[in-house]
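Reviewing the structure listed below.
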Amino acid sequence: MSTFTIFLALIIIVAFLLVVVIMVQNPKGGGLSSSFGGGGQQMGGVKKTTDFLDKSTWTLATLLLVLILLSNVTIMDAPADAASGVFESDEPVNTEAPATQSPAQQPAETDSAQ
């Protein structure tokens, strides 16, 4: 398994977690804490849920950005022979320009419509 494949798997996992964390949040500020009995500030374990969701959103977004940048570096550091192997063949490459024929050397055209 290549390094890029590992980064790709991590990017997919972090992106999924980021979507889940964003979907749990309530856009009006209530969020997960308001779903536990209305007065979420009174319950001990849910008191700072909105702060946790906000921090986890920023953390996951930053982690996603860093993983994307690191995966780009692993693509750039890939060995050149592995990337160019698709374009290489065993046949020799002809680098000479094709010879052009002068009008006197070209075969005469015949009119087949007669």
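Everything quoted here is computed from the prediction, not taken from an experiment.
Cluster membership for V19 and V14, using ILVMFWY side-chain heavy atoms within less than 4.5 angstrom, is not shared. L63 is not connected to W58 by any chain of hydrophobic side-chain contacts under 4.5 Å among Ile, Leu, Val, Met, Phe, Trp and Tyr, and they are in different clusters. No path of Ile, Leu, Val, Met, Phe, Trp and Tyr side chains, each step under 4.5 Å between heavy atoms, connects L65 with L67, placing them in separate hydrophobic clusters.
Residues N72 and I68 are not in side-chain contact: their nearest non-hydrogen atoms beyond the backbone lie 4.5 Å or more apart.
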Donor-acceptor contacts under 3.5 Å from residues 2-12 side chains, at least two apart:
residue	atom	partner	partner atom	Å
S2	OG	T5	N	3.3
S2	OG	T5	OG1	2.9

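The side-chain hydrogen bond (donor to acceptor under 3.5 Å, both in side chains) check on T62 picks up nothing, with sequence neighbours excluded.
From L69, atom CG reaches atom CG of L64 across 9.5 Å, with rounding to the nearest 0.5 Å. To the nearest 0.5 Å, the span separating OG1 on T59 from CZ on F52 amounts to 9.0 Å. Between the CG atom in L17 and the CD1 atom in I22 there is a gap of 11.0 Å [rounded to 0.5 Å].
Between D54 and Q25, the closest heavy-atom pair is N-NE2, 3.8 Å. The nearest pair of heavy atoms linking L53 to V21 is O-CG1, 3.7 Å.
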